[in-house]
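Let me begin by presenting the structure, written as structure tokens, before commenting on it.
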Amino acid sequence: MNESTTTDGERTAAALPRPGVLGRLAGASYRRRGRVVAAWVLAIAAAFGLSAAFSGDFTADYSAPGSDSRQAQDLLEERFPAQSGDTIDVVVRAEGGVADPAVQADVTALLDQLRTQPHVVTVDDPYTTPGGISEDGDILVATVNLDVVLPDDMPVEETEELMALADAAERPGLEIALGGQTVALAEQGEIGSEAIGMAAAAVILLITFGTVVAAGLPLVVAVAGLALSGLLTGLVAAVVDVPDWSTALATMMGIALGIDYVLLMVTRFREWRAAGLDPERATVATLDTAGRAVMVAGSTVMVSMLGLFAMGLSFMQGASLVTIVAVLVVMAAAATLFPALLGFFGTWVDRLRLPLGRRRTAQLAAGGHVEPSRTWLRWGRLVDRHSIVATVVGVGLLLALAAPFLGVRFGFPDAGNNEEDRSSRQAYDLLSEGFGAGANGPLLLVADLESPRDADALPALGEAVAATPGVAAVMPPVVNEAGDAALLTVLPTTGPQDAATEDLVHALRDDVLPGAGVEVHVGGVTATSIDSTENTAERLPLLIGGVVALSMLLLLVSFRSIVIPITAALMNLLSVAAAYGVVALVLEGGWAGQLIGIDTETPMPAFIPVLVFAVLFGLSMDYEVFLISRMREAWTRTGDNARAIVEGLAGTGRVITAAAAIMVAVFAAFIPSPEVFLKVIGVGMAAAILVDATVVRMLLVPAVMHLLGRANWWLPAWLERRLPQLHVEGRPEVYLADVDGAGRRADEPELAPAR
């Protein structure tokens with residue numbers, strides 16, 4: 001066809017610049033929307049079938065690789081298989097004394113029943129085992145040895161059956177409680193509530209958009225992503241160790257990110273429609289601009305989660321992989337399913353409007369850009385005028401929130417921090433009452449007897465350990481049948497969470513055991529917790545350094561600036577520090593802790609700061625990408641730093657605050673969990689997102705950027721030539737070039753403005 005016979009519409013279409021990869025993918029998904037939706041349905045069905053056939057079980061090993069406690073556990077598994085598994089304590093208190101014939105008959109009958117249950121290897125007889133009865137004769141303890149090494153490997157229903165047998169054996173004057181990690185896991189109940197998060201997100205989206213269709217699109221995409229990633233979790237668990245709580249984390253991340261990303265793109269789609277683009281062209285433009293920011297934001301989250309591999313802990317790696325899968329699914333849904341849904345509902349995006357507030361007609365600024373909200377413009381100009389005050393106030397508030405972290409105490413919460421009506425807490429208290437606080441955290445000394453003469457050193461070893469300050473009692477050594485290993489149980493005078501117990505473990509390893517004449521390792525749950533805490537603390541700088549460096553590199557390439565990655569990293573670190581401070585405050589067990597059900601002073605598990613840092617740093621970078629991408633878009637268009645900051649803030653303020661509100665609601669669903677560490681994860685993340693989206697992104701970041709001026713966008717010429725052009729902000733001029741001054745395509749009739 002020659003040019004003389006070419007129609008105006010064909011010339012216009014031919015003149016349209018070629019969109020980027022995401023734009024082309026969006027166009028294909030829009031045109032083949034039926035096939036794309038069918039492909040997602042088939043993918044979910046296939047994942048369901050694979051999960052049913054090959055899904056693995058959840059398990060978690062919290063020990064530190066290569067630690068002394070890990071070596072003790074390995075030696076136990078090899079030489080004492082009956083004692084190497086997890087244990088359950090059967091604690092009994094009788095008003096007339098446990099030696100009463102009737103009490104002894106009831107206890108013996110219960111223990112005989114327990115011996116017949118699945119996964120039970122042996123059950124000690126407290127009437128013949130040394131140290132089985134308290135000095136006053138009112139309390140006894142019998143140890144149930146299981147054939148599972150990790151508490152997560154014990155089926156919950158079988159633990160509940162053991163608890164039911166204990167409940168049935170109780171009578172007036174006879175109190176029975178089961179304790180141990182296995183029992184605590186069986187009592188933990190629901191980990192999180194996805195329904196609460198989704199309901200809260202739906203309400204926030206309706207308030208934000210005011211229409212059912214616009215609010216429904218993010219929810220549909222999030223549900224589809226959740227369905228697929230949730231089914232893939234079981235497949236990940238078949239390959240690596242995955243703790244059970246990681247499913248809740250991945251689910252909450254998937255919901256929050258899925259809704260947030262599509263929220264951003266729905267907002268941009270409505271802007272492009274208001275600018276006059278037809279639904280298909282607006283879809284392509286949305287993915288070619290906001291979609292790029294979503295891909296970069298998702299990549300920063302994955303970079304943060306990959307940082308968990310630097311910790312060298314298997315349970316962290318499993319949790320990281322499950323979360324990365326959820327993020328990848330969300331990104332895929334945003335790039336394919338969302339534009340396909342726009343193919344069905346794009347023209348209806350402002351339909352089914354709710355009577356929420358006053359309808360505001362979108363106003364087009366010069367060049368076809370949608371005029372930002374006047375409220376956010378006024379806020380941006382206010383920050384500009386008072387940037388020094390805003391910076392001081394923002395930094396001061398973050399430091400004040402972070403201050404409680406300076407007095408934090410690391411350790412692992414145990415049954416002593418559980419609710420008082422739980423069997424595990426009751427057993428903990430009874431053991432402390434009858435046998436001392438150290439009975440809840442015995443140390444297991446495992447001796448490797450390389451020759452028969454090594455056994456001669458055991459009596460002297462027992463005496464040396466018993467004479468060590470902080471040791472309440474040492475049980476007689478038990479030698480295995482092969483005679484090549486011995487086990488000594490040591491009861492400290494202090495509880496598992498006490499700093500004195502940690503000092504005792506180090507004293508035994510450093511001062512007492514080296515002179516024993518035989519190789520001895522200190523193990524047990526308490527020693528494992530101490531080693532894991534120290535190992536995590538040592539590796540934390542690797543995580544922080546690696547994640548910060550990779551994230552800064554990604555931002556450097558994305559925004560072609562030296563200053564922006566540096567300020568972003570500093571702001572995010574301040575935001576994470578504030579979250580740490582809030583967590584430390586609630587763990588003190590005071591008024592803040594009682595608000596969420598923590599009524600005792602509780603140590604902070606060392607992996608909590610690690611996990612919170614990885615998640616929050618990635619999420620904070622999400623908001624940074626959303627904000628800076630719009631600022632850079634305005635900067636490349638105007639070359640005016642102050643105007644770019646104000647317009648970028650005004651253009652994303654509503655989206656970021658709505659997205660933050662959704663994330664706060666989603667992560668707050670962790671708080672009702674009975675598990676302490678899940679409570680603090682929920683509190684820490686919800687507080688950090690709230691602070692990050694308000695104090696950091698809406699106040700501190702624009703204030704600091706105003707102070708820095710044009711230096712925000714400086715990049716050395718030699719680096720400018722070598723960095724690839726990602727155009728994270730997209731190329732909106734490509735799509736604005738084909739609209740007339742009234743904000744519509746030259747070949748289109750006038751459209752009603754989007755609302």
Side-chain angles (χ1 to χ4, degrees), residues 20-48 50-51 194 197-198 201-202 205 209 213-233 235-236 247 249-269 283-284 286-302 305 321-346 349 618-619 622 625-626 655 659 662-663 666:
V21 174
L22 281 174
R24 295 196 296 272
L25 179 60
S29 299
Y30 184 98
R31 292 187 297 274
R32 298 173 175 82
R33 45 192 173 270
R35 297 180 185 178
V36 172
V37 172
W40 271 89
V41 172
L42 289 175
I44 293 172
F48 179 82
L50 291 173
S51 180
E194 295 84 354
M198 292 293 285
L205 287 170
F209 289 126
V213 176
L217 286 172
L219 292 175
V220 172
V221 174
V223 169
L226 175 63
L228 182 56
S229 62
L231 291 169
L232 294 176
T233 298
L235 300 179
V236 176
T247 59
L249 175 64
T251 297
M252 295 302 177
M253 288 285 285
I255 292 174
L257 292 178
I259 292 175
D260 281 4
Y261 292 169
V262 180
L263 167 65
L264 175 68
M265 292 195 294
V266 169
T267 301
R268 201 65 192 270
F269 175 79
T283 300
V284 173
T286 297
L287 268 293
D288 210 19
T289 52
R292 299 189 185 208
V294 165
M295 294 300 115
V296 173
S299 299
T300 61
V301 175
M302 289 193 293
M305 298 309 298
L321 279 177
V322 169
T323 307
I324 288 173
V325 168
V327 176
L328 280 172
V329 170
V330 163
M331 294 169 66
T336 58
L337 182 59
F338 173 65
L341 292 176
L342 286 180
F344 290 107
F345 304 106
V349 73
L619 295 181
D622 272 10
V625 171
F626 292 173
V655 173
I662 291 170
M663 281 203 177
V666 168

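Residues V327 and M305 are not in side-chain contact: their nearest non-hydrogen atoms beyond the backbone lie 4.5 Å or more apart. Annotation: side chain of M331 is in contact with side chain of S299 (closest heavy-atom distance under 4.5 Å). No side-chain heavy atom of L249 sits under 4.5 Å from any side-chain heavy atom of V322. Counting heavy atoms from C-beta outward, F338 and V220 have side chains that stay 4.5 Å or more apart.
A distance of 8.5 Å separates CZ of R24 from CG of D288, quoted to the nearest 0.5 Å. Separating the CG atom in L232 from the CG atom in L321 is a distance of 12.0 Å, to the nearest 0.5 Å.
Taking both residues in full, the closest heavy atoms of V625 and A293 are given as CG1-O, 3.4 Å, listed atom of the first, atom of the second, then distance. Nearest heavy atoms, T286 versus R268: OG1-C, 3.9 Å. Of all the heavy atoms in V37 and A340, the pair that sits closest is CG2-CB, 4.3 Å. Taking all atoms of both residues into account, the shortest heavy-atom contact from P339 to A334 is CD-O, 3.5 Å. Nearest heavy-atom pair, A215 versus L205, reported as atom, atom and distance to 0.1 Å: O-CD1, 3.4 Å. In plain terms, the two heavy atoms of A43 and L228 that are nearest each other are O-CD1, 3.7 Å.
When the side chain to side chain contact (heavy atoms under 4.5 Å, CB included) test is applied to L25, the partners found at least two apart in sequence or on another chain are S29, A335, T336.
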Could you go through T323 and V301, starting from their C-alpha distance and side-chain angles, then the distance that decides it, and tell me whether this counts as side chain to side chain contact (heavy atoms under 4.5 Å, CB included)? CA-CA 9 Å; T323 307; V301 175; 5.6 Å; no
Pair F269, L217 - check side chain to side chain contact (heavy atoms under 4.5 Å, CB included), show working. CA-CA 12 Å; F269 175 79; L217 286 172; over 6 Å; no
Derivation and outcome, side chain to side chain contact (heavy atoms under 4.5 Å, CB included), residues T251 and L226: CA-CA 7 Å; T251 297; L226 175 63; 3.3 Å; yes
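Side-chain atoms of S51 do not come within 3.5 Å of backbone N or O of F48 as any donor-acceptor pair.
A cation-pi geometry, defined here as NZ or CZ lying under 6.0 Å from the six-membered ring centre and within 45° of its normal, does not hold between R32 and Y30.
At most 12 heavy atoms of other shown residues, nucleotides or ligands fall within 6.0 angstrom of atom CZ in R35.
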Side-chain donor-acceptor pairs under 3.5 Å in residues 252-263, sequence neighbours left out?
residue	atom	partner	partner atom	Å
Y261	OH	G298	N	3.3
Y261	OH	D622	OD1	3.3
Y261	OH	D622	OD2	2.8

